[in-house]
Student: 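Sending over a structure as structure tokens; questions will come in a sec.
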Amino acid sequence: MNKLYINGEWVDAIDGETLDLINPATEEKIITLPAAGGKDCHIAIAAAEKAFVQWSKTTPYTRAVILKSAAQYIRDNLTAFAGDMVTESGKPLAEAKGEWTVAANLFEWYAEEAKRAYGRVIPTNRPDKRSSVIWQPMGVIGVITAWNFPAYNPARAWAAALAAGCTLVVKPAETTPLSAFRLADALIRSGLPPGVLNLLIGDPASIGEEMLNNPALRKISFTGSTRVGKLLMDGASRTHTKLSLELGGNAPVLIFGDVDIEKTARAAASARFRNNGQVCIAPQRFYVEQSIFERFAERLTHYVAQLKVGNGFEEGVHVGPLITRRQRDSVLDLLERAKAQQARVLTGGQRLDQKGFFVQPAVITGVDQSSVLARNEIFGPLLPLFSFEGIDDAIEKANDTEYGLAAYVFTNDLNTALLAAERLEFGIVGINEWAPHGTEAPFGGWKHSGQGHESGQEGLYEYMEKKLISIGGLPG
Ligand code: NAD
């Protein structure tokens, strides 16, 4: 294990390249790993293409046995798997365990859902004709994923694509490969045939290029930044590579004047800093109705100041380090730029005076729509507070972004909740809910936040082709 996995074997990179994995909480090296490039990717795609011939012919029932066994293996080894995740990502152990539980659930859910990829029989307008629609696996899929959820991001794409009957060349993030190795190992131990899943860690650009240039690879499922998503869109015309894109977000949170201030402020402090704010649907731009702004800001600051920052293995830690030095510096840079625009820090925002990429969670006021904290995806532990007057103002400010992934609304008024939900230009809207997602529910963004869906029934069909079978010349 802990190498590239190509055609059923754990191997080194062809060119002998390596990369060092760093623990973000200690800045120490965890392990040196082989680093793949385009040549390794070429071989992996060939292996996946060959394996597709048999794998695509298996029934969803056969595939379900392997996926469910992998789910059980994950559950049986939850603590060890979660430990690896904390080491590579820094997130608190409880969050890591929760994430692995969801990964197992995804494997199990898609094992069952693929059995229900029903087609359709269509009544025709001619007595000698019959029409039906069937679903078939798409072929070799490339899966490229981000580090922020080292098990969940790969699991939701791998599970759906494997259940659909596709074979895979996967490239998890270089900063969090250990969880991906574990995920692959669970499938291999459960009987996944050689070539069905091929795993590469390495140079993103050359692996991505090979995926785009190689006509045998039918689709790339990408979870990551809008910047790289657009690069893939530019390259996809070469061999007509299909794309599913789960990209960045900049979620607004509308807090109306009728909420329970204490309860909402306490929950907001915890929701905003889950995974250190490094979440695509992270509640980011907090719009609070003017009538309760001061009181809400005071209670929120109270709770945020109490969050404990530290190594994810330590008892009672709420917030770990940022994933890399670069990510930490980009968050601190955003904060400095916001301060230059008159932003005021109510608590936090400083680096911890120790090894590791730690930043104390911050609450910020004095910002408006032109602030860098409103325009950019922060992906870190900063919580900017904005104000609004009435629902029209709230919706206008919330929609004033190129992103369209998730939005949140907090109110006890049914009319306000419904109107806001319908007028928000986002693929996911949470009403009085900080976790608006689930294994069984579609997850996808509008505008620059992506195209296509992961998870839920929709996630399965991202990896299947629809075929019309039209039979004529029948005795009428
Ligand atoms: P990123 O785009 O830099 O990297 C994501 C993945 O793409 C990594 O595996 C990386 O190695 C790879 N990559 C980088 N350059 C590439 C290239 N030229 N060709 C092919 N692959 C390339 O994103 P990141 O900073 O690692 O992750 C954070 C971003 O991911 C945030 O914007 C976040 O919102 C987004 N994200 C979205 C979702 C979602 O479901 N919408 C989920 C998680 C993260």
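Order of appearance sets the numbers: ligands from 1, and atoms from 1 within every ligand. We number each residue from 1, following the sequence as shown.
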Student: Quick check against the 3.5 Å criterion: does Glu9 have a side-chain atom that pairs as donor or acceptor with the backbone of Val11?
Tutor: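 No; judged by distance alone, with no hydrogens or angles, the pair does not exist.
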Student: Please work out whether any backbone atom (N, CA, C, O) or any side-chain heavy atom from C-beta onward of Thr223 is under 4.0 Å from ligand 1, and answer side chain, backbone, both or neither.
Tutor: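 Looking at Thr223 and ligand 1, atoms from backbone and side chain both fall under 4.0 Å.
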Student: Where on Arg156 is there a heavy atom closer than 4.0 Å to ligand 1, on the side chain, on the backbone, on both, or on neither?
Tutor: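 Contact part for Arg156 vs ligand 1: side chain (C-beta onward).
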Student: Do any N or O atoms from the side chain of Thr167 and from the backbone of Ala48 form a donor-acceptor pair under 3.5 angstrom?
Tutor: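 Indeed, once roles are kept as given, a pair shorter than 3.5 Å links the two residues.
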Student: Could you see which bit of Ile207 sits under 4.0 Å from ligand 1, with heavy atoms only: side chain, backbone, both or neither?
Tutor: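 The answer is neither.
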Student: Is there a side-chain hydrogen bond (donor to acceptor under 3.5 Å, both in side chains) between Glu462 and Ser244? Walk through the geometry before answering.
Tutor: CA-CA 7 Å; Glu462 292 286 334; Ser244 283; 2.6 Å; yes
Student: Which protein heavy atom lies closest to atom 7 (O) of ligand 1, and at what distance to 0.1 Å?
Tutor: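 Result for atom 7 (O) of ligand 1: Phe222 CE1, 3.2 Å.
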Student: Report the part of Leu405 in contact with ligand 1, treating N, CA, C, O as backbone and CB onward as side chain, heavy atoms under 4.0 Å; options are side chain, backbone, both, neither.
Tutor: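 It is the side chain that gets close, since no backbone atom is under 4.0 Å.
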Student: Tell me the protein heavy atom at minimum distance from atom 27 (O) of ligand 1, and give that distance in Å.
Tutor: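 Here the closest protein heavy atom is Ala146 CB, 3.4 Å.
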Student: Mind running side-chain contact (heavy atoms from CB on, under 4.5 Å) on Leu199 and Leu4 for me, showing each step along the way?
Tutor: CA-CA 6 Å; Leu199 190 158; Leu4 314 180; 5.9 Å; no
Student: Quick test: of every protein heavy atom, which one is nearest to atom 36 (N) of ligand 1, and how far off is it to 0.1 Å?
Tutor: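 Going atom by atom, the protein heavy atom closest to atom 36 (N) of ligand 1 ends up being Cys280 CB, 3.6 Å.
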Student: Considering only protein heavy atoms, which is closest to atom 17 (C) of ligand 1, and at what distance to one decimal place?
Tutor: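 The closest heavy atom on the protein side is Val228 CG1, 3.8 Å.
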Student: Below 4.0 Å from ligand 1: does a non-hydrogen atom of Phe443 turn up there or not?
Tutor: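 So Phe443 counts as touching ligand 1.
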Student: Would a distance-only check, ignoring hydrogens and angles, find a side-chain to backbone donor-acceptor pair under 3.5 Å from Asn7 to Ala47?
Tutor: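 No.
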Student: Decide side-chain hydrogen bond (donor to acceptor under 3.5 Å, both in side chains) for Glu28 and Asn23; before the verdict, give the C-alpha distance in whole Å, the side-chain angles of both, and the deciding distance to 0.1 Å.
Tutor: CA-CA 5 Å; Glu28 284 162 4; Asn23 181 330; 5.9 Å; no
Student: Check the angle between the aromatic planes of Tyr408 and Phe410 and answer parallel, tilted or perpendicular using the 30° and 60° thresholds.
Tutor: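 If you compare the ring of Tyr408 with that of Phe410, the planes turn out parallel.
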Student: Measure from NZ or CZ of Arg328 to the centre of the six-membered ring of Phe358 and say whether it is under 6.0 Å with the direction within 45° of the ring axis.
Tutor: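 Checked: cation-pi criterion not met.
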Student: Check each atom of ligand 1 against the heavy atoms of Ile144 and keep those under 4.0 Å away; list them by number with element.
Tutor: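 With Ile144 as reference, the close atoms of ligand 1 come out as 6 (C), 7 (O), 9 (O), 12 (C), 20 (C), 21 (N).
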Student: So which of Gly224, Gly202, Ser225 gets nearest to atom 2 (O) of ligand 1, if we judge by its closest heavy atom?
Tutor: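 Selected option, by shortest heavy-atom distance: Ser225.
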Student: Side chain or backbone of Glu454 under 4.0 Å from ligand 1, or both, or neither, by non-hydrogen atoms?
Tutor: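 Neither; no heavy atom under 4.0 Å.
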Student: Could you tell me if Lys219 sits above the aromatic ring of Tyr463, with its cationic atom closer than 6.0 Å to the ring centre and no more than 45 degrees from the axis?
Tutor: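 Yes, a cation-pi geometry holds between Lys219 and Tyr463.
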Student: Just jot down the ligand 1 atoms closer than 4.0 angstrom to any heavy atom of Glu174, in number order.
Tutor: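 Selected atoms, number and element: 11 (O).
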Student: Is Ala173 near ligand 1, meaning one of its heavy atoms is under 4.0 Å from it?
Tutor: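 In this structure, Ala173 qualifies as a contact of ligand 1 - some heavy atom is under 4.0 Å.
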Student: Given the rule in the side-chain contact (heavy atoms from CB on, under 4.5 Å) test, do Phe379 and Asn148 qualify, once you have shown the distances and angles that lead to the verdict?
Tutor: CA-CA 10 Å; Phe379 233 59; Asn148 61 335; 3.5 Å; yes
Student: What protein heavy atom is closest to atom 41 (N) of ligand 1, reported as residue, atom name and distance in Å?
Tutor: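 It is Leu247 O, 2.8 Å.
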Student: Given that the side chain starts at C-beta and the backbone is N, CA, C, O, which of these parts of Phe379 lies under 4.0 Å from ligand 1, counting heavy atoms, or is it both or neither?
Tutor: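 Side chain only.
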Student: Looking at atom 9 (O) of ligand 1, what's its closest protein heavy atom, distance included?
Tutor: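 Here the closest protein heavy atom is Thr145 O, 2.7 Å.
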Student: Considering only the protein, which heavy-atom contact is closest to atom 10 (C) of ligand 1, and what is its distance?
Tutor: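 Nearest protein contact, heavy atoms only, for atom 10 (C) of ligand 1 is Lys171 NZ, 3.9 Å.
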Student: For atom 26 (O) of ligand 1, what's the nearest protein heavy atom and its distance?
Tutor: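 The closest one turns out to be Trp147 NE1, 2.8 Å.
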Student: Do the side chain of Lys97 and the main chain of Gly83 share a donor and acceptor less than 3.5 angstrom apart?
Tutor: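 No; zero donor-acceptor contacts below 3.5 Å.
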Student: Please work out whether any backbone atom (N, CA, C, O) or any side-chain heavy atom from C-beta onward of Asn148 is under 4.0 Å from ligand 1, and answer side chain, backbone, both or neither.
Tutor: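 For Asn148, the contact with ligand 1 is made by the side chain alone.
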Student: Counting distance only, does the side-chain N/O of Asn399 pair as donor-acceptor with the main-chain N or O of Arg423 below 3.5 Å?
Tutor: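 Pair found, side chain donor or acceptor close to backbone of Arg423.
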Student: Looking only at non-hydrogen atoms, which of Arg227, Glu377, His453, His437 approaches atom 34 (O) of ligand 1 most closely?
Tutor: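 Closest candidate by heavy-atom distance is Glu377.
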Student: Out of Ala251, Gly427, Pro204, whose heavy atom is nearest to atom 13 (N) of ligand 1?
Tutor: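 Of the listed residues, Pro204 has the closest heavy atom.
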Student: Judged by atom type as modelled, is there a donor-acceptor pair below 3.5 Å linking the side chain of Glu246 to the main-chain atoms of Gly224?
Tutor: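 Checking the backbone N and O of Gly224 against the side chain of Glu246, no donor-acceptor pair under 3.5 Å is found.
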